[in-house]
Amino acid sequence: RLVERFGDADDLDTVLVAISQFYSDQLSIRTAEGVERRVMTGLFSGRAPYGYKNYRENGRGLIRINLEQADNVRYIFNLYAFHSHSLDSLVRTLREEGRIYSEKHPDFVRSKLYSILTDRSYIGDIQFRGNWTEGKHEPIIDLATFDRVQVLLGNKTHHRHDSVYGNGLITCGHCLSLLPI
């Protein structure tokens, strides 16, 4: 019957493909809007970071603190902030003390420790599209400790722009301020 209305099967296929594409596009837009609304209300849009765990309540995905992992997060921040540890010495200390990252991957690695130490989720924020917003989850780390760690990491972190030839040597001819390269 539809073939009679549209002329032939090829025309019908074209119409059905267009309808399917429209439906898919609309679904994608609604999903993205839903994720954005979720984040703007202070909820994570996906998997919880290390130290938290996902759970469902009344059909809604939420996160709560994972006590064992959160203890590891606090310990990592404490060692780095107040006990002069580097990422390498943290790896050794955590291994020597028998602290495990997960059953599947027991050892903490440098990259994971760096990710933990720079993740604002631990002070109650949520990252979405490169920006941070205040979350509803319970913080694991206090802001003062987090800020101290960021300062310490900043002193040891290589910034790509610092290695550019002539960085800090070129000034504006009008105001004489240094130009970033």
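The structure displayed is predicted, hence computed values, not measured ones. Just the heavy atoms: all of them, side chains too, but no hydrogens, waters or symmetry mates, feed the values below.
At least one donor-acceptor pair under 3.5 Å links the side chain of Ser20 to the backbone N or O of Leu16. Formation of a donor-acceptor pair under 3.5 Å by the Ser115 side chain with backbone atoms of Ser111 is found in this model.
Residues in residues 61-79 take part in these salt bridge (Lys or Arg N to Asp or Glu O under 4.0 Å) pairs, two or more places apart or across chains: Asp71-Arg99.
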message = For a side-chain contact (heavy atoms from CB on, under 4.5 Å) check, start with the C-alpha distance between Leu113 and Ile76, then their side-chain angles and the critical distance, and finish with the verdict.
response = CA-CA 8 Å; Leu113 289 172; Ile76 290 165; 3.6 Å; yes
inquiry  = Could you go through Leu90 and Leu117, starting from their C-alpha distance and side-chain angles, then the distance that decides it, and tell me whether this counts as side-chain contact (heavy atoms from CB on, under 4.5 Å)?
reply    = CA-CA 11 Å; Leu90 274 176; Leu117 290 170; 4.2 Å; yes
ask   = Yes or no on side-chain contact (heavy atoms from CB on, under 4.5 Å) for Arg148 and Phe82, after CA distance, side-chain angles and deciding distance?
value = CA-CA 9 Å; Arg148 178 173 171 79; Phe82 305 111; 3.4 Å; yes
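Taking Asp25 as the reference, Gln21 meet the side-chain contact (heavy atoms from CB on, under 4.5 Å) condition, with sequence neighbours excluded. In this structure, the salt bridge (Lys or Arg N to Asp or Glu O under 4.0 Å) partners of Arg95, at least two apart in sequence or on a different chain, are Asp107. In this structure Asp147 satisfies the salt bridge (Lys or Arg N to Asp or Glu O under 4.0 Å) test with no other residue, sequence neighbours excluded. Partners of Arg47 under the side-chain contact (heavy atoms from CB on, under 4.5 Å) rule, at least two apart in sequence or in another chain, are Asn54. Residues satisfying the side-chain contact (heavy atoms from CB on, under 4.5 Å) criterion with Glu96, sequence neighbours excluded, are Arg92. Residues satisfying the salt bridge (Lys or Arg N to Asp or Glu O under 4.0 Å) test with Asp142, not counting sequence neighbours, are none. Applying the side chain to side chain donor-acceptor pair (under 3.5 Å) criterion to Asp88, with sequence neighbours excluded, gives Arg110. Among residues two or more places apart in sequence or in another chain, the salt bridge (Lys or Arg N to Asp or Glu O under 4.0 Å) test is passed with Asp119 by none. Residues satisfying the side chain to side chain donor-acceptor pair (under 3.5 Å) test with Ser89, not counting sequence neighbours, are His85, Ser86. Evaluation of the ring-ring contact (aromatic ring centres under 6.0 Å, His included) rule for Tyr52 yields His137 as partners, not counting sequence neighbours. The side-chain contact (heavy atoms from CB on, under 4.5 Å) test applied to Thr118 returns Tyr114, Gln150, Leu153, not counting sequence neighbours.
The shortest heavy-atom contact between Ile65 and Pro139 is CD1-O, 4.3 Å. When all heavy atoms are compared, the tightest approach of Ala81 to Thr145 is CB-CG2, 4.1 Å. Across all non-hydrogen atoms, the minimal contact from Ile63 to Ala48 is CG2-CB, 3.5 Å. The nearest pair of heavy atoms linking Asp125 to Arg120 is OD2-NH2, 2.6 Å.
Under the ring-ring contact (aromatic ring centres under 6.0 Å, His included) rule, Phe108 has a single partner from Tyr75, Tyr101, Tyr80, which is Tyr101.
If you chain together hydrophobic residues whose side chains sit under 4.5 Å apart, Val109 and Leu87 never meet in one group. With hydrophobic clusters built from ILVMFWY side chains whose heavy atoms lie under 4.5 angstrom apart, Ile140 shares a cluster with Leu67. No continuous path of ILVMFWY side-chain contacts below 4.5 Å connects Ile100 to Ile116, so the two sit in separate hydrophobic clusters.
Side-chain contact of Asn72 with Tyr50: a donor-acceptor pair under 3.5 Å is present, judged by distance alone.
Here OH of Tyr122 is found 10.0 Å from CZ of Phe146. Values are rounded to the nearest 0.5 Å. In this structure, OH in Tyr55 is found 13.5 Å from CG in Asn66, a value given to the nearest 0.5 Å.
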